[in-house]
Amino acid sequence: MCRSLFLRLLVRAKAAHIHRSLMAICFQSPLKPTYVSPSSNNCSPNLSAQSFRCNFSKTLTADPQPVFTSVKSFAPATVANLGPGFDFLGAAVDGMGDFVSLRVDADVPPGEISIADIEGVGNSAKKLSKNPLWNCAGIAAISVMKMLGVRSVGLSLSLEKGLPLGSGLGSSAASAAAAAVAVNEIFGRKLGVHDLVLAGLESEAKVSGYHADNVAPALIGGFVLIRSYDPLELIPLRFPSDKELFFVLVNPEFEAPTKKMRAALPSEIGMSHHVWNCSQAGALVASVLQGDVKGLGKALSSDRIVEPTRAPLIPGMEGVKKAALEAGAFGCTISGAGPTAVAITDDEEKGRQIGERMVEAFLWEGKLKAVAMVKKLDRLGARLMSSNLI
């Protein structure tokens with residue numbers, strides 16, 4: 001009896017040692033692993049199989065049932081890079097974005113998704129594929145379905161594009177974010193925003209590159225700092241609610257595909273430029289947290305690595321930036337990969353005046369027609385707009 005008790009205690013001690021000392025690699029998406037402490041509730045040792053299983057996505061082996069017959073979601077436009085923050089800083093913009101409508105569809109095979117309709121601004125309906133494997137919204141939706149373990153129902157998706165393609169306003173990220181939220185909501189919101197960002201990243205990786213500076217703020221809202229990609233670590237930056245901030249967005253009739261604009265970037269940079277951009281990125285983050293719009297604009301205008309290589313590819317961009325600053329903008333740079341130019345101010349009426357000067361500069365300097373918009377910061381991110389219960 002004593003020997004039996006001793007053996008049981010020994011097994012328990014060994015199990016406790018394994019649980020304390022092991023680190024489990026959780027593949028939160030097929031692309032990027034992250035390390036999760038075994039103390040997490042999502043990780044549990046399976047001693048009989050002598051393995052350590054970590055199910056970060058909560059229901060990888062489950063088959064959740066929908067709680068709604070249909071949902072409609074929205075994700076906002078975003079301004080990525082913000083000058084010196086290439087691939088690690090972004091902000092969500094209020095008042096413009098993409099909508100996704102999703103419904104349970106008995107005509108779609110269980111566990112699959114179909115894109116029924118695409119409509120919206122510009123030539124979106126003609127240029128975007130309805131094959132979910134080649135569509136930003138479809139890829140993100142499939143990723144969330146896999147995380148949830150959906151196998152018994154099929155879904156039908158409709159995409160309403162509010163953002164022009166190749167505009168530098170996070171068009172692909174908005175579609176991916178809205179689709180990820182829609183799938184998560186229709187099954188009862190079982191996943192957290194971190195999982196949804198990973199789903200959006202899978203979509204971005206196939207379309208424009210593995211970067212979260214659009215999709216993270218599109219989902220979270222406000223300013224977001226991507227501290228790390230492996231593992232993915234996100235830091236929301238809270239801009240004070242009592243401070244005024246306006247983005248002057250000027251979109252010319254010119255398409256700048258992200259892949260093409262990324263291909264133009266230098267493969268090597270000098271140490272002096274590296275130090276300068278790091279200091280400006282730090283100043284930008286400090287300005288966001290302090291609500292210092294002038295400091296934010298100054299840092300945003302100070303990129304010495306990415307903007308100098310991309311600006312010549314956007315007709316009139318250098319003249320547009322000069323016109324914005326002369327009109328009183330605190331700063332101006334390229335939004336994302338372009339061609340949209342973004343300027344910063346703390347006064348809406350002043351923003352309209354700045355926008356007019358920037359539109360004129362695009363026409364005179366680049367021979368391009370352009371449209372100006374003055375928008376606030378979107379603090380909410382992607383969200384559910386409507387739903388119908390089963």
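We're numbering straight along the sequence, starting at 1.
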Could you list the residues that satisfy ring-ring contact (aromatic ring centres under 6.0 Å, His included) with F86, not counting sequence neighbours? none

Do NZ/NE/NH1/NH2 and the carboxylate oxygens of K127 and E255 come within less than 4.0 Å? yes

Strictly below 4.0 Å, N to O, side chains only: are E318 and K322 in salt-bridge contact? no

When rounded to the nearest 0.5 angstrom, what distance separates CZ in F68 from CG in N388? 9.0 Å

In Å, rounded to the nearest 0.5 Å, how long is the span from CG of L325 to CD1 of I344? 11.5 Å

Between K161 and D98, is there a side-chain N and carboxylate O pair less than 4.0 Å apart? yes

Under the ring-ring contact (aromatic ring centres under 6.0 Å, His included) test, residues paired with F99 that sit two or more places apart: F74

Salt bridge present between E360 and R357 (N-O < 4.0 angstrom): yes

One should read off an interatomic distance between K321 NZ and I334 CD1, to the nearest 0.5 angstrom, of 8.5 Å

Same hydrophobic cluster for V181 and V153, using side-chain heavy-atom links shorter than 4.5 Å among ILVMFWY? yes

Between R262 and D87, does at least one N-O distance fall below 4.0 Å, as a salt bridge requires? yes

Pair R383 + D378, salt bridge at N-O below 4.0 Å: yes

How long is the gap from CZ on R304 to CG on N277, to the nearest 0.5 Å? 8.0 Å

